[in-house]
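For reference, the structure is listed below as structure tokens.
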Amino acid sequence: MWLLQSVRIADIREHDGEEVTIKGWLYNKRSSGGIHFLIIRDGTGFMQAVAVRGEIPDDQFELCNNLTQESSILVTGRIRADKRAAGGFEMSATGVELVQLAEEYPITLKEHGVDFLLDHRHLWIRNPRQHAALLVRDEVISAAEDWLRSNGFVKIDAPILTPAACEGTTTLFETDYFGEKAYLSQSGQLYNEAACMAFGKVYCYGPTFRAEKSKTRRHLIEFWMIEPEMAYATQEDNMVIQEEFLSYIVQRCLAKRRQELITLERDLSKLECIVPPFPRLSYDEAVELLHEEGKEFEWGDDFGAPDEATISMKYDKPVFVTGYPTKVKAFYMQPDPDRPEIVKCSDLLAPEGYGEIIGSSERIHDLDLLAARMREHNLPEEAYGWYLDLRRYGSVPHSGFGLGIERTVAWITGSEHVREMIPFPRLINRIYP
RNA sequence: UCCCCGAUAGCUCAGCGGUAGAGCAACCGGCUGUUAACCGGUGGGUCGCAGGUUCGAAUCCUGCUCGGGGAGCCA
């Protein structure tokens with residue numbers, strides 16, 4: 001009975017005046033002869049404990065002299081409000097017990113380079129900023145799942161090992177499956193399409209693997225994606241759902257992880273305004289906008305990252321770009337009946353230049369059209385037999401989208417790089433730790 | 001794959017043709033309200049690797065390795 005009796009630093013204001021024990025680690029220490037200021041972290045927050053000579057046993061006061069950064073300790077004392085303390089509360093220590101004296105800790109409170117920090121990612125996640133970002137990540141995930149479940153979506157897990165490419169565009173990780181080739185999942189969407197015909201509204205949440213040699217602040221080799229899929233849903237339904245869904249996630253982070261966002265020095269006003277509806281821009285209008293900005297761009301091409309930044313910087317909210325040219329999008333997207341050269345799809349671009357965080361579309365529900373598209377894309381029909389079956393047995397218009405977790409967290413936290421938005425990033429040239 | 005930039009103490013960096021430096025960390029000492037605390041002292045180096053130019057190379061040149069930023073691809 002160690003864990004269940006503990007008091008969490010996150011809850012200390014509820015224990016004002018009480019004597020409690022905090023189980024944690026020494027984050028930093030400042031000493032001044034007869035007084036030690038111990039900054040303790042316990043995973044839920046940070047707190048200063050003040051140890052004064054004469055107020056704790058002499059041997060324990062001496063112990064404080066020798067405590068090293070990240071040593072694990074139990075600190076007992078009375079909680080009291082003090083306006084000099086960072087969180088408004090601190091502890092007058094009456095006892096300090098050492099669990100383990102830490103060896104010289106590699107990560108100091110000063111600056112470090114990215115390479116060094118990534119080599120020590122297993123320790124770096126203790127750092128207040130990294131810790132805060134990962135707590136926001138946790139909130140994004142739980143808010144997303146809460147919203148979906150309370151809106152009638154059923155969680156269906158899609159397989160990670162798959163027999164064929166999903167979209168047929170990006171490079172996949174290949175592995176051996178008892179003598180046959182298998183690939184790590186690039187999207188759960190196709191399986192979601194089957195599931196939504198069984199359950200109506202579904203979603204999957206899981207890792208996604210892209211073997212592209214991407215080397216930018218927006219790319220991870222392994223990242224997490226939440227993908228809802230809805231039967232009897234048009235692309236218009238799809239976008240309304242996305243507005244509600246994403247706004248809920250942002251507002252929940254503001255409500256439940258405000259302190260972490262403040263730690264990350266996020267401008268909260270940029271998040272407070274994220275409420276439905278979001279602005280919409282057709283692909284045609286976006287091209288026009290780029291021309292007005294003096295950019296060279298030809299209708300029919302896909303937007304590059306700088307183009308997306310130019311478009312999104314025009315708005316305070318995420319912006320939908322709708323109706324992309326058919327030839328730059330995936331084979332399964334439903335063509336616009338009035339303009340077959342474009343498809344019923346949208347990308348959602350986050351503000352402040354964070355780029356695409358959602359890709360979405362209405363899917364082709366007609367058997368002959370889908371089969372024709374697959375032939376055009378040279379996709380092996382035998383591997384997709386089950387997918388075509390969905391268009392044979394009660395096919396209906398259906399739509400869905402995929403939200404990239406780490407890019408969303410990077411935007412919400414105002415962070416530079418997605419590699420710090422996942423506990424253990426997989427990057428090109430990096431699979432340790 | 002392509003284009004830029006970088007590699008010097010455990011960490012972050014300065015030094016850019018003439019004896020290898022600073023701050024932090026570590027260790028020793030001081031300080032009863034510190035906020036990346038402060039003050040004094042001590043130890044700490046195959047200047048990424050290989051070759052070349054030079055009387056002399058951390059410094060200039062070439063190649064390689066590793067890393068960072070960006071493009072493409074995408075969430």
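A, B, ... follow the sequence lines: proteins, then strands. Residue 1 opens every chain.
- When the salt bridge (Lys or Arg N to Asp or Glu O under 4.0 Å) test is applied to Arg129(A), the partners found at least two apart in sequence or on another chain are Glu265(A).
- The salt bridge (Lys or Arg N to Asp or Glu O under 4.0 Å) test applied to Asp119(A) returns Arg430(A), not counting sequence neighbours.
- The side chain of Leu118(A) lies closest to G68(B), out of G72(B), G68(B), G69(B).
- Remark: the Thr108(A) side chain and the C11(B) base include no donor-acceptor N/O pair separated by less than 3.5 Å.
- Remark: G6(B) base-pairs with C66(B). Criterion, Watson-Crick or G-U wobble with two distances under 3.5 Å.
- For a distance-only test at 3.5 Å, the side chain of His219(A) qualifies as a donor-acceptor partner of the base of C74(B).
- The side chain of His417(A) contributes an N or O atom lying less than 4.0 Å from OP1 or OP2 of G69(B).
- Contact annotation: Arg419(A) side-chain N/O to G67(B) OP1/OP2 distance is not under 4.0 Å.
- Within the shown strands, A71(B) is the pairing partner of U1(B) under the Watson-Crick or G-U definition, both distances less than 3.5 Å.
- Residue Glu104(A) is the one, among Glu104(A) and Leu348(A), whose nearest nucleotide of RNA chain B lies closer to the 5' end (criterion: closest heavy atom).
- Residue Gly304(A) is classed as a sugar-phosphate contact, given heavy-atom separations below 4.0 Å to backbone atoms only.
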Original post:
Which letters describe nucleotides 29-36 of chain B, given B = protein heavy atom under 4.0 Å from base, S = only from sugar-phosphate, - = neither?
Top reply: --BBBBBB
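- When ring centroids are compared, Tyr315(A) and Phe278(A) stay outside the 6.0 Å threshold.
- In this structure, His36(A) reaches neither bases nor backbone, as no heavy-atom distance under 4.0 Å exists between it and the strands shown.
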